[in-house]
Undergrad: 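To start, I am sharing the structure in question, which I have written as structure tokens.
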Amino acid sequence: MTTPGSDLQVSRRLVVPAAELRERFSRSSGPGGQGVNTTDSRVELSFDVARSPSIPDDLRPRLLERLRSRLVDGVLTIAASEHRAQLANREAARERLVAVLRAAAAPPPPPRRPTKPSRGAKERRLAEKKRRGDVKRGRRGRFDD
């Protein structure tokens with residue numbers, strides 16, 4: 001759980017200082033009882049990925065590339081309004097930001113080594129095709145009147 005006001009530990013190499021995060025509060029839609037029209041419980045958490053000094057230079061291009069559809073002028077914004085309490089929404093937004101950054105910062109998967117099907121796999125495939133054809137041929141009606 002990440003507490004509001006503390007730094008975000010994304011990975012060993014990436015820590016986002018609390019000073020680089022911007023929070024905006026607004027009225028949330030949905031359930032809220034009597035206080036629904038007076039409480040600013042919705043949270044928008046913004047982090048400037050493009051200009052943040054806390055992101056290592058070798059990691060920045062990967063983050064910008066993987067998050068390009070979510071960035072507006074290099075800024076990543078996460079909105080949370082699923083809870084009725086502002087503090088719970090602040091924590092949810094911070095946890096979601098960490099998850100998004102962690103996924104984007106993950107190293108690329110190893111390249112796939114192309115392989116060919118083994119001889120036995122080819123033979124099994126062809127035998128199964130032959131068996132299925134025989135089954136379907138056996139279902140055909142014979143009209144020898």
Side-chain angles (χ1 to χ4, degrees), residues 1-140:
M1 184 168 84
T2 60
T3 57
S6 65
D7 295 348
L8 294 180
Q9 181 81 34
V10 177
S11 66
R12 285 186 294 117
R13 294 182 58 211
L14 181 56
V15 177
V16 178
E20 292 185 23
L21 299 174
R22 298 282 171 257
E23 288 180 321
R24 278 187 44 208
F25 306 103
S26 59
R27 296 214 177 116
S28 178
S29 62
Q34 291 177 327
V36 73
N37 293 325
T38 58
T39 307
D40 289 340
S41 60
R42 181 176 188 266
V43 178
E44 284 184 12
L45 185 64
S46 299
F47 174 58
D48 193 343
V49 177
R51 290 172 278 286
S52 171
S54 62
I55 296 177
D57 291 333
D58 61 321
L59 192 58
R60 189 182 318 275
R62 185 187 308 163
L63 288 175
L64 292 173
E65 172 64 24
R66 291 185 178 172
L67 295 173
R68 71 177 175 271
S69 64
R70 296 190 65 164
L71 297 178
V72 176
D73 295 330
V75 177
L76 174 65
T77 302
I78 304 287
S81 62
E82 61 267 18
H83 301 286
R84 287 174 59 170
Q86 186 189 84
L87 186 61
N89 282 330
R90 289 176 75 184
E91 289 175 5
R94 292 169 73 86
E95 288 171 5
R96 219 175 298 152
L97 179 66
V98 167
V100 167
L101 289 175
R102 189 171 289 147
R112 180 188 172 276
R113 288 178 41 205
T115 58
K116 293 180 180 176
S118 66
R119 185 169 147 200
K122 289 180 189 175
E123 289 173 0
R124 284 190 299 272
R125 184 180 128 270
L126 292 175
E128 177 61 19
K129 284 172 66 87
K130 179 91 173 114
R131 191 183 70 74
R132 289 295 299 160
D134 291 343
V135 166
K136 291 184 176 189
R137 197 173 307 111
R139 290 182 190 152
R140 285 193 206 148

Undergrad: With a 4.5 Å heavy-atom cut-off, do Pro108 and Arg66 have their side chains touching?
TA: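 SC-SC contact between Pro108 and Arg66 confirmed.
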
Undergrad: Would you check if the side chain of Arg22 reaches a backbone N or O of Asp48 as a donor-acceptor pair within less than 3.5 Å?
TA: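 No, the answer is negative, given that no donor and acceptor are paired below the 3.5 Å cut-off.
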
Undergrad: Could you pull out all residues at least two apart from Ala80 that satisfy side chain to side chain contact (heavy atoms under 4.5 Å, CB included)?
TA: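 Once residues adjacent in sequence are excluded, the partners of Ala80 under the side chain to side chain contact (heavy atoms under 4.5 Å, CB included) criterion are Glu82, Asn89, Ala92, Ala93, Arg96.
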
Undergrad: Distance from Gln86 atom CD to Ser81 atom OG, nearest 0.5 Å?
TA: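 Interatomic distance, Gln86 CD to Ser81 OG, rounded to 0.5 Å: 12.5 Å.
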
Undergrad: Test: side chain to side chain donor-acceptor pair (under 3.5 Å). Region: residues 103-118. Which pairs qualify, not counting sequence neighbours?
TA: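 Counting only pairs at least two positions apart or across chains, no side chain to side chain donor-acceptor pair (under 3.5 Å) contact touches residues 103-118.
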
Undergrad: Distance-only, no hydrogens or angles: does the Arg68 side chain make a donor-acceptor pair with backbone N or O of Glu65 under 3.5 Å?
TA: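 Here the side-chain-to-backbone pair exists.
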
Undergrad: Kindly determine whether Ile55 and Val49 satisfy side chain to side chain contact (heavy atoms under 4.5 Å, CB included), including the steps that lead there.
TA: CA-CA 8 Å; Ile55 296 177; Val49 177; 3.9 Å; yes

Undergrad: Measuring from atom CG of Leu59 to atom CG of Leu101, what distance do you get when rounded to the nearest 0.5 angstrom?
TA: 9.0 Å

Undergrad: Look at atom CZ of Arg24 and say whether more than 12 heavy atoms of other residues, nucleotides or ligands are closer to it than 6.0 Å.
TA: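 No, because the 6.0 Å sphere around CZ of Arg24 holds 12 heavy atoms or fewer from other groups.
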
Undergrad: Take Arg70 and Ile78 through the side chain to side chain contact (heavy atoms under 4.5 Å, CB included) test and state the conclusion after the steps.
TA: CA-CA 9 Å; Arg70 296 190 65 164; Ile78 304 287; 3.3 Å; yes

Undergrad: Kindly list each side-chain donor-acceptor pair under 3.5 angstrom involving residues 128-135, sequence neighbours excluded, with atom names and distances?
TA:
unit_1 : atom_1 : unit_2 : atom_2 : d
Glu128 : OE1    : Arg131 : NE     : 3.3
Glu128 : OE2    : Arg131 : NH2    : 3.1
Asp134 : OD1    : Arg137 : NH1    : 2.7

Undergrad: Could you give all pairs that pass the side chain to side chain donor-acceptor pair (under 3.5 Å) test and reach residues 11-21, with sequence neighbours left out?
TA: Arg13-Asp58, Glu20-Ser52, Glu20-Ser54

Undergrad: If the condition is salt bridge (charged side-chain N to carboxylate O under 4.0 Å, His left out), which residues does Arg60 pass it with, not counting sequence neighbours?
TA: Asp57

Undergrad: Identify the heavy atoms of Arg62 and Ala106 that sit nearest to each other, and give their distance.
TA: NH1-O, 3.4 Å

Undergrad: Who passes salt bridge (charged side-chain N to carboxylate O under 4.0 Å, His left out) against Arg102, sequence neighbours left out?
TA: none

Undergrad: Taking side chain to side chain contact (heavy atoms under 4.5 Å, CB included) as the criterion, tell me which of Glu44, Arg42, Arg90 meets it with Phe25.
TA: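 Testing each of Glu44, Arg42, Arg90 against Phe25, the sole residue satisfying side chain to side chain contact (heavy atoms under 4.5 Å, CB included) is Arg90.
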
Undergrad: Rounded to the nearest 0.5 Å, what separates atom CD in Glu91 from atom CZ in Arg94?
TA: 9.0 Å

Undergrad: Under the criterion side chain to side chain contact (heavy atoms under 4.5 Å, CB included), I'd like the reasoning laid out for Leu76 against Leu63: C-alpha separation, chi angles, the key distance, then a yes or no.
TA: CA-CA 11 Å; Leu76 174 65; Leu63 288 175; over 6 Å; no

